[in-house]
Undergrad: 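After the structure tokens below, expect a handful of questions from me.
On a predicted model such as this, the values are computed, not experimentally measured, just so you know.
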2 protein chains.
Amino acid sequence: MQNRLTIKDIARLSGVGKSTVSRVLNNESGVSERTRERVEAVMNQHGFSPSRSARAMRGQSDKVVAIIVTRLDSLSENLAVQTMLPVFYEQGYDPIMMESKFSPQMVEEHLGMLKRRNIDGVVLFGFTGLGEQMLGSWQSSLVMLARDARGFASVCYDDEGAIRVLMQRLYDGGHRHISYLGVPHSDVTTGQRRHNAYLEFCQQNALPAVAALPGLGMKQGYEKVADVLTPQTTALVCATDTLALGASKYLQEQRIDGLQLASVGNTPLMKFLHPEIVTVDPGYADSGRQAAMQLIEQINGRSEPRQIVIPVTLS
Amino acid sequence: MQNRLTIKDIARLSGVGKSTVSRVLNNESGVSERTRERVEAVMNQHGFSPSRSARAMRGQSDKVVAIIVTRLDSLSENLAVQTMLPVFYEQGYDPIMMESKFSPQMVEEHLGMLKRRNIDGVVLFGFTGLGEQMLGSWQSSLVMLARDARGFASVCYDDEGAIRVLMQRLYDGGHRHISYLGVPHSDVTTGQRRHNAYLEFCQQNALPAVAALPGLGMKQGYEKVADVLTPQTTALVCATDTLALGASKYLQEQRIDGLQLASVGNTPLMKFLHPEIVTVDPGYADSGRQAAMQLIEQINGRSEPRQIVIPVTLS
DNA sequence: CTGTTAGCGCGTTCAA
DNA sequence: TTGAACGCGCTAACAG
């Protein structure tokens, strides 16, 4: 591109040596207040900013991280990404985006590419089928979201808590026949944990459990909600917003009224389309922030990988 | 990080000089077939990949582009981004994501940051209020999406065509009282052009024009759709999927049946929630691919900025 | 055809 | 407290 100035230019312009400029740039000690001020003055007078590539070459870190989402149009992941971007920018990291489309193979390809590019770290939105072995040598520079993996840092939602909160609210509202629409147990967090929490609550409160676990999609909610409706059913808990969206569509079409829906989610779309649904916020927004912060701490060696659980919020 | 090998190592291991390795790396001519093969063998035997930062420093290009979306959760922009990512990866570009949230000031900040980072190019999703002057010196390395700006490359939708197609289909279906729900004219493309196309069609076919231009949001569609419904109205055209979503919600709640909805959009969410709506596909997916390709061509100096219009597809 | 040499912009010694 | 010299991994200019 055009002639960007270098520390050499700044040095010349402020009448000092290159290394002094370098020291000022990195806030190193050993520079007199006077020279520091003078150099800084010259620097922002000319809008100087050091070359990333040159620093990267010396320092081994190019200050780039990757965010691997499952799908760009995932409502929940969007909320998380929205909060993590500002954190990365603030710390000077460039976040590059990748999409896995729920394919372990794509994740593997992406990680390979990232490894070759010598990237600093990765935030990976977990999903079923992701083997821990393919995450290879990323232990120290990867944060997994929405799922935990042994040896890796992770930010998870309180799956059991979310369901318990929903169930309790429905129970307190007088509901005694609460059905459940969820995700297969092959999905440990959204599937197994939430379903188990449902079953447990039913057992503890002597409620009949009526559940189906069709999957993650809207269409699956739409097609399978009928399976969990009995003549006694007065409420329905959905494991995700997306399922609830599908279920609602069916209920509307069938003109089935008077059924209280509840879901884990709290996404803006849901709040607009169906404000009447009882929701809990699993903390998507918070999870993004936390994941970004955790990753940065690990990159800087200020933290070991650790598991973070986001508390549920009423909404 | 760990000891990655360098061209020096490869040179030593294959018994040649550094520059020969460099030549092989860049597919330059002037290397005998035998040495080339030998070097290449050593290279992928050791899984060698050159340091990005070092190349960047020499070559002035770090092969990084930015994608500035208005909102991460925009349905249409998601479709475009999904198709542009693979294009960038294929060409070795790392796409970093930023969100403008419809704020010109944020765009300015982001562009400033990108300028300082010496990025190769930008894909910018346009919106109302974006002044051409703030795009400063990006003429040659920016592609604007969904909006055109003088002197800049752009990929736009065929706003007029999209509306005409919808209107024609409704007209052919026998509808003679077609209302319109759109966006204010301050938004030139989605607002003005689409509205004008509606008005023009009405005039040419002697139809009464009944329109409101509340804005882009679902809520605005929901609140204002009543304004355009007359006792004669049999069909409603919405400028965007999002507006149609809001309008449908109102219609469902009011139990207003027998109104044919139509919208410009064709997003997956829409197709699921309201398959009965007539839609045209403005080519969101295609626009992403095209924008990415155009940007890369400009970066490589193989193309001047030019305006691309994506043709409408029936759906 | 190939190896040698000289930087790119920066951080890091090491003397002064 | 400061500056000069060196090298990071790579490409480009110049010799062989």
Undergrad: In whole angstrom, what separates R117(A)'s CZ from dG9(D)'s P?
TA: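 R117(A) atom CZ is separated from dG9(D) atom P by 19 Å.
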
Undergrad: For a quick check under 3.5 Å, do S49(A) and R4(A) share a side-chain donor-acceptor pair by atom type?
TA: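 Yes, because at least one side-chain N or O of S49(A) sits under 3.5 Å from a partner of the opposite role on R4(A).
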
Undergrad: Name the one of L145(A), T70(A), V107(A), I67(A) that satisfies side chain to side chain contact (heavy atoms under 4.5 Å, CB included) with L124(A)?
TA: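 Among the candidates, only V107(A) passes.
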
Undergrad: Going by distance alone, is a donor N or O of one side chain under 3.5 Å from an acceptor N or O of the other, for T6(B) and K18(B)?
TA: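 T6(B) vs K18(B): no donor-acceptor pair found between side chains.
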
Undergrad: Between R52(B) (CZ) and dC10(D) (C1'), how many Å, whole number?
TA: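 To the nearest whole Å, that distance equals 14 Å.
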
Undergrad: In terms of side-chain heavy atoms, does D73(A) have a donor or acceptor partner in N78(B) at a distance below 3.5 Å?
TA: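 There is no such pair between these side chains.
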
Undergrad: Heavy atoms under 4.0 Å, any strand shown: does E28(A) hit a base, just sugar-phosphate, or nothing?
TA: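 Result for E28(A) = sugar-phosphate.
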
Undergrad: Cut-off 3.5 Å, side chains only: do Y157(A) and T189(A) have a donor facing an acceptor?
TA: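 The answer is no; no qualifying pair exists.
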
Undergrad: Checking R55(B) against N26(B): is there a side-chain donor and acceptor pair closer than 3.5 Å?
TA: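 There is such a pair between these side chains.
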
Undergrad: First and last nucleotide of DNA chain C touching chain B, 5' to 3', heavy-atom cut-off 4.0 Å?
TA: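 The footprint of chain B covers dC1(C) to dG9(C).
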
Undergrad: Can you tell me which residue among V143(B), I308(B), V309(B), L295(B) is in a side chain to side chain contact (heavy atoms under 4.5 Å, CB included) with Q290(B)?
TA: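 Testing Q290(B) for a side chain to side chain contact (heavy atoms under 4.5 Å, CB included) against V143(B), I308(B), V309(B), L295(B) leaves exactly one candidate, I308(B).
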
Undergrad: Does either side chain, that of S22(B) or that of S19(B), offer a donor lying less than 3.5 Å from an acceptor on the other one?
TA: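 There is no such pair (donor and acceptor under 3.5 Å, judged by atom type) between the side chains of S22(B) and S19(B).
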
Undergrad: Are the side chains of V16(B) and R38(B) in touch, meaning some heavy atoms are under 4.5 Å apart?
TA: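 The answer is yes; the side chains approach within 4.5 Å.
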
Undergrad: Provide, to the nearest angstrom, the distance between the CE atom belonging to M57(A) and the P atom belonging to dC6(D).
TA: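 In whole Å, dC6(D) P lies 17 Å from M57(A) CE.
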
Undergrad: Please report how far the helix from dC1(C)-dG16(D) to dA16(C)-dT1(D) bends, comparing the axis fitted to its first five pairs with the axis fitted to its last five, to the nearest 10 degrees.
TA: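 For the helix from dC1(C)-dG16(D) to dA16(C)-dT1(D), the axes at either end differ by 40°.
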
Undergrad: Can a side-chain donor-acceptor contact be found between S61(A) and D120(A) if the only test is distance below 3.5 angstrom?
TA: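 A pair is found: one side chain offers a donor N or O, the other an acceptor, under 3.5 Å apart.
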
Undergrad: Within the pair R55(B) and dT11(D), is there a side-chain N or O less than 4.0 Å away from OP1 or OP2?
TA: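 Affirmative; the distance criterion is met.
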
Undergrad: Is it the case that the side chain of S100(B) and the backbone of M106(B) share a donor-acceptor pair, with hydrogens and angles ignored and the cut-off at 3.5 Å?
TA: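 Not at all, since once roles are kept as given, no pair shorter than 3.5 Å links the two residues.
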
Undergrad: Could you list the protein-to-nucleotides 2-5 of chain D atom pairs, N/O on both sides, closer than 3.5 Å?
TA:
residue: dT2(D); atom: OP1; partner: S32(A); partner atom: OG; Å: 3.3
residue: dT2(D); atom: OP1; partner: T35(A); partner atom: OG1; Å: 2.8
residue: dT2(D); atom: OP2; partner: S32(A); partner atom: N; Å: 2.9
residue: dT2(D); atom: OP2; partner: T35(A); partner atom: OG1; Å: 2.9
residue: dG3(D); atom: OP2; partner: G17(A); partner atom: N; Å: 2.7
residue: dG3(D); atom: OP2; partner: T20(A); partner atom: OG1; Å: 2.6
residue: dG3(D); atom: N7; partner: S19(A); partner atom: OG; Å: 2.9
residue: dG3(D); atom: N7; partner: R23(A); partner atom: NH1; Å: 3.4
residue: dG3(D); atom: O6; partner: R23(A); partner atom: NH2; Å: 2.5
residue: dA4(D); atom: N6; partner: S19(A); partner atom: OG; Å: 3.0

